[in-house]
Amino acid sequence: LYARPVGIKLEWRETANLLRVGLPIWGLAYAIVLSNTLDVVLILTFLGRTQLGFYSLCLAASGVIGLFPQTIGEVFYPRMVELYARSGTARSLIYTCVKASLLAGTLAGIVCAVMYLAIPWIVTEYLEKYAPGIPATQVALLGFFFSALGTGPQYFFIAVFQKRRQLGILL
C-alpha cells in the first residue's frame with residue numbers, strides 16, 4: 001500500500017468555474033420553483049382559502065403527472081449531453097430531444113386521460129366538498145399534457161449549456 005497524506009486543497013479557479021456554471025442552473029431551478037408556486041400565491045391572495053382548496057385537486061394531479069416528464073428528462077439528459085459533446089447540435093441530438101418529448105407526452109397524456117375520467121367519480125364519491133374544483137382540474141389536465149411535451153426542449157437547453165435562454169423561455 002502507498003501512504004498518501006489526506007487533506008483538502010481549495011482551488012479558487014476551479015471553484016469560480018463551478019460557480020460560473022452552477023449559478024445559472026441554480027437561478028433557473030429557483031425560477032421554476034417560483035413559477036410553480038405563483039398560481040397558489042395568486043389564488044390565495046385574490047380568491048381566498050376556499051378557492052385554493054378547490055384548486056388543490058389541480059395541485060394533486062400536477063404532482064402525479066409531473067413525475068413522468070421529470071423522470072424521462074433525467075433519463076434522456078445524459079444522452080443529450082453525450083451527443084452534444086460528440087457532435088454539437090446535430091440531427092441525433094434533435095431526434096433525442098423529440099423522442100423525450102413524445103415519450104413524456106404520451107405517458108402524461110395517458111395519465112391525464114385516465115384522471116380526466118376518474119376524478120369526477122372519485123371526487124363526487126369520496127371528496128364531495130371539493131366537487132367545485134373538478135372543472136378547473138379537467139382544464140388543467142390539458143395544460144399538464146402540453147407541459148409534458150416540453151420535456152425534450154427543457155433538457156435540451158440544459159444539455160447545450162443555454163440556461164439563460166431556458167430561463168428566458170420560462171419567463
Side-chain angles (χ1 to χ4, degrees), residues 22-81 89 93-171:
L23 284 177
I25 295 170
W26 174 82
L28 176 63
Y30 190 71
I32 289 171
V33 168
L34 286 177
S35 73
N36 287 342
T37 58
L38 186 61
D39 53 351
V40 173
V41 173
L42 290 173
I43 290 172
L44 189 58
T45 302
F46 295 111
L47 301 176
R49 290 187 313 188
T50 303
Q51 293 299 319
L52 183 60
F54 297 148
Y55 186 67
S56 66
L57 290 173
C58 293
L59 296 175
S62 169
V64 171
I65 297 166
L67 290 175
F68 292 101
Q70 180 181 358
T71 303
I72 289 166
E74 289 174 3
V75 168
F76 276 82
Y77 170 72
R79 180 75 176 135
M80 289 181 187
V81 171
T89 308
L93 178 58
I94 303 298
Y95 176 73
T96 303
C97 175
V98 169
K99 200 159 72 169
S101 287
L102 291 176
L103 183 58
T106 300
L107 292 175
I110 291 168
V111 173
C112 285
V114 169
M115 285 184 153
Y116 186 89
L117 299 172
I119 284 176
W121 176 78
I122 292 169
V123 170
T124 55
E125 190 70 28
Y126 299 105
L127 305 164
E128 196 173 324
K129 288 183 178 182
Y130 293 91
I134 293 172
T137 303
Q138 288 178 318
V139 171
L141 289 171
L142 187 61
F144 300 150
F145 165 71
F146 284 120
S147 177
L149 290 174
T151 299
Q154 178 181 351
Y155 284 90
F156 170 82
F157 280 124
I158 295 171
V160 298
F161 305 103
Q162 296 185 22
K163 282 82 172 167
R164 288 179 183 87
R165 275 195 186 153
Q166 188 184 10
L167 180 61
I169 288 171
L170 175 68
L171 293 175

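Count residues from 1 along the sequence.
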Just how far is it from atom OG of Ser62 to atom CG of Leu57, taken to the nearest 0.5 Å? 12.5 Å
Euclidean distance, Tyr77 OH relative to Thr151 OG1, rounded to 0.5 Å: 15.0 Å
Once side chain to side chain contact (heavy atoms under 4.5 Å, CB included) is applied, do any residues pair with [X], and if so which ones, sequence neighbours excluded?
X: Leu117; value: none
X: Leu34; value: Tyr30
X: Leu47; value: Ile43, Gln51

Less than 4.5 Å apart, side chain to side chain, heavy atoms only: is that true for Phe76 and Leu103? yes
Could you tabulate the donor-acceptor pairs under 3.5 Å formed by side-chain atoms of residues 63-72, not counting sequence neighbours?
unit_1: Gln70; atom_1: NE2; unit_2: Glu74; atom_2: OE2; d: 3.4
unit_1: Thr71; atom_1: OG1; unit_2: Leu67; atom_2: O; d: 2.7

Work out which heavy atom in Cys97 is nearest to a heavy atom in Met80; give both atom names and the distance. CA-CE, 3.6 Å
Pairs meeting criterion ring-ring contact (aromatic ring centres under 6.0 Å, His included) with involvement of residues 39-60, two or more places apart: none
Between Ser101 (side chain) and Val98 (backbone), is there a donor-acceptor pair under 3.5 Å? no
Side-chain atoms of residues 122-145: list all donor-acceptor pairs with protein atoms under 3.5 Å, sequence neighbours left out, distances to 0.1 Å.
unit_1: Thr124; atom_1: OG1; unit_2: Pro120; atom_2: O; d: 2.6
unit_1: Thr124; atom_1: OG1; unit_2: Trp121; atom_2: O; d: 3.2
unit_1: Thr137; atom_1: OG1; unit_2: Gly133; atom_2: O; d: 2.8
unit_1: Gln138; atom_1: NE2; unit_2: Tyr116; atom_2: O; d: 3.2

